[in-house]
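When reading the values below, keep in mind they use all heavy atoms of this one structure, side chains included, and skip hydrogens, waters and symmetry mates.
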2 protein chains.
Amino acid sequence: MPPQKRADARRNEQTLLDAAASVFVTSGVDAPVRDIAAQAGVGVGTIYRHFPTRADLIVAVYRHQVDACAEAGPALLKEGPTAHAALSRWIDLFVGFLVTKHGLAAVLQSDNASFRNLHGLFLERLLPVCAQLLDAAVATGEIRTEISPYELLRGVGNLCAGVEGDERYDARRLVKLLVTGLRVAQPGDDVTPVA
Amino acid sequence: MPPQKRADARRNEQTLLDAAASVFVTSGVDAPVRDIAAQAGVGVGTIYRHFPTRADLIVAVYRHQVDACAEAGPALLKEGPTAHAALSRWIDLFVGFLVTKHGLAAVLQSDNASFRNLHGLFLERLLPVCAQLLDAAVATGEIRTEISPYELLRGVGNLCAGVEGDERYDARRLVKLLVTGLRVAQPGDDVTPVA
DNA sequence: CAACATACGGAACCGCGTTCCGTTTACGCA
DNA sequence: TGCGTAAACGGAACGCGGTTCCGTATGTTG
């Protein structure tokens with residue numbers, strides 16, 4: 001069996017998660033690693049022994065909430081009057097999550113190699129759920145779409161980026177518009193082709 | 001009258017613009033300032049004397065193209081079968097512009113103070129055009145919208161962020177979806193409210 | 001051709017993520 | 001209980017990017 005981690009190590013890992021969570025809400029997800037270390041009362045080296053990269057720390061902090069979001073999907077599908085309604089509400093949940101974490105959405109789309117993990121976590125957990133909801137809505141004929149779950153998720157994520165303190169921009173409204181765009185075209189609807 | 005700039009200064013400014021443009025296409029808009037200086041065969045100091053900030057250099061490089069995009073708006077409105085078609089094509093133009101400049105869209109939404117200028121240029125030139133097209137489409141009843149030109153532009157810009165080498169994500173498709181979502185709901189369309 | 005303002009180059013600075021290494025400390029065993 | 005060792009720690013140091021500063025070079029003007 002693998003040897004136990006030392007007690008202080010386990011304690012520090014939890015301290016770090018708490019410190020990071022706290023710093024993220026006050027200074028945003030972009031907060032410097034040193035700030036988190038300071039808040040936790042440890043050196044930066046300690047952070048990097050527990051979390052190989054800044055992105056991994058972020059992942060660890062938000063894992064619970066991502067899981068919760070993922071689990072809400074099937075539940076909504078049972079409740080909702082229609083599959084499209086469930087999809088819409090689920091996406092609203094997702095948007096709410098992204099929007100309340102300062103800078104999370106922005107960092108999600110950074111193509112920096114070290115953020116692959118973050119991107120990865122979101123995809124791994126949420127993609128199947130999104131796919132399920134999307135399929136259901138397609139099955140009921142509520143959606144006309146050629147869209148893939150991945151594309152939808154990324155699109156929504158992108159729309160939520162950089163919302164900080166711009167009262168002229170309401171990500172929710174745009175996302176709703178996008179989701180509306182997914183709905184089946186009514187007969188007589190003449191979609192104007194683009195060039 | 002203000003004294004003439006020195007001849008070498010004017011020459012260098014042009015050299016810098018060319019060098020920057022060239023580096024941007026090969027290394028993306030995120031290319032380090034030093035790379036641009038090297039390509040131009042000047043020191044970094046020279047860049048900063050001509051362009052107070054990295055963002056200002058980017059602005060200068062793309063000003064022409066932004067202008068061209070702005071001017072295309074009214075033209076499309078004259079041509080197009082409908083106002084919504086014109087809007088759709090204009091946005092397609094905008095998307096094409098963003099998507100071909102590696103990382104431009106991403107940098108556009110950075111809330112970093114020094115990128116205000118970039119954001120500003122885009123807004124100043126494109127907002128009126130977008131507003132005009134939007135108004136026209138509202139006037140013809142093709143659009144049901146509560147959306148502001150600003151919000152639309154930002155939404156589109158956001159959708160275009162981080163497109164680099166992700167063949168699973170097609171910004172154009174999502175933007176089209178968004179624009180479709182703007183269209184007037186047909187009678188009998190039961191929009192499912194979100195929570 | 002001198003004298004001066006203008007422009008230049010690039011070393012230096014700061015903040016950030018990350019790495020490295022000498023020191024400290026928990027834990028198992030005598 | 002004391003000791004040896006591996007695990008864990010702290011924080012200085014590194015690389016990189018934007019920006020600033022200042023001594024040097026050069027176009028311009030009389």
Side-chain angles (χ1 to χ4, degrees), chain A residues 1-17 19-20 23-24 27-61 102-103 106-108 110-119, chain B residues 1-17 19-20 23-24 27-61 102-103 106-107 110-118:
Chain A
M1 73 193 102
Q4 274 289 18
K5 284 210 306 192
R6 253 168 58 172
D8 55 344
R10 232 172 318 116
R11 222 172 326 113
N12 267 330
E13 180 160 337
Q14 189 53 50
T15 305
L16 275 172
L17 284 173
V23 170
F24 287 168
S27 309
V29 175
D30 303 323
V33 174
R34 286 179 238 271
D35 288 5
I36 300 168
Q39 166 80 20
V42 303
V44 283
T46 300
I47 290 194
Y48 281 91
R49 212 157 314 95
H50 289 288
F51 307 98
T53 223
R54 219 172 96 39
D56 294 296
L57 177 55
I58 301 177
V59 165
V61 167
H102 302 257
V107 112
L108 248 188
S110 150
D111 57 353
N112 185 323
S114 99
F115 287 105
R116 286 288 146 69
N117 305 331
L118 227 194
H119 206 85
Chain B
M1 73 196 102
Q4 274 290 17
K5 284 209 306 193
R6 253 167 58 171
D8 56 344
R10 231 169 321 115
R11 222 172 326 113
N12 267 330
E13 181 160 337
Q14 190 54 48
T15 306
L16 275 171
L17 284 173
V23 170
F24 287 167
S27 309
V29 175
D30 304 322
V33 174
R34 288 181 239 271
D35 289 4
I36 299 167
Q39 166 80 20
V42 303
V44 284
T46 301
I47 290 195
Y48 281 91
R49 211 158 315 94
H50 288 289
F51 308 98
T53 222
R54 223 173 91 48
D56 293 295
L57 176 56
I58 300 177
V59 166
V61 167
H102 302 257
V107 112
S110 148
D111 57 354
N112 186 322
S114 100
F115 286 105
R116 286 287 147 68
N117 306 329
L118 227 193

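Here the P atom of nucleotide dT18(C) and the CZ atom of Phe51(A) are 13 Å apart, to the nearest Å. Phe115(A) has its CZ atom 7 Å from the P atom of dT18(C), to the nearest Å. Taking atom NZ of Lys5(A) as the reference point, atom C1' of dT25(C) lies 16 Å away to the nearest angstrom. Rounded to an integer number of Å, the gap from Asp56(B) CG to dG18(D) P is 14 Å. For the pair Asp30(A) CG and dG15(C) P, the computed distance is 17 Å after rounding to whole Å. Atoms CD (Gln4(A)) and P (dA8(D)) sit 11 Å apart, rounded to a whole Å. Rounded to whole Å, the distance from CD1 on Ile47(B) to P on dT20(D) is 13 Å. When the P atom of dG17(D) is taken as reference, atom CG of Asp35(B) falls 7 Å away, rounded to whole Å.
If you find the closest nucleotide of DNA chain C to Thr53(A) and to Gly45(B), the one lying nearer the 5' end belongs to Gly45(B). The 5' end of DNA chain D is approached more closely, in terms of each residue's nearest nucleotide, by Asp8(A) than by the other of Asp8(A) and Arg11(B). With the nearest nucleotide of DNA chain C identified for both Arg34(B) and Asn12(B), Asn12(B) has the one nearer the 5' end. Comparing Ala7(B) and Tyr48(B) along DNA chain D, the residue whose closest nucleotide (by nearest heavy atom) sits nearer the 5' end is Tyr48(B).
The phosphate of dC9(D) has OP1 or OP2 within less than 4.0 Å of a side-chain N or O from His50(A). Residue Thr46(A) has no polar side-chain atom (N or O) positioned under 4.0 Å from OP1 or OP2 of dA8(D).
Across all strands shown, Arg49(B) has heavy atoms under 4.0 Å from base atoms, whether or not it also approaches the sugar-phosphate. Base contact: Arg6(A) has a heavy atom under 4.0 Å from a base atom.
Of the candidates dA12(D), dG10(D), dA7(C), the closest approach to any side-chain atom of Val44(A) belongs to dA12(D). Residue Val33(B) places its side chain closer to dG18(D) than to any other of dG10(D), dG17(C), dG18(D).
Using a 4.5 Å cut-off on side-chain heavy atoms (C-beta onward), Ile58(A) and Phe51(A) make no contact. Residues Leu17(B) and Leu57(B) meet the side-chain proximity criterion, which asks for heavy atoms closer than 4.5 Å. The shortest distance between side-chain heavy atoms of Ile47(B) and Ile36(B) falls below 4.5 Å.
In this structure, Ala19(B) and Ala40(B) approach most closely via the heavy-atom pair CB-CB, 3.6 Å.
For dG17(D), its base never sits under 3.5 Å from the side chain of Arg54(B) at any donor and acceptor pair.
Put simply, the residue from Arg6(A), Arg10(A), Arg11(A) that forms a side chain to side chain donor-acceptor pair (under 3.5 Å) with Asp8(A) is Arg6(A).
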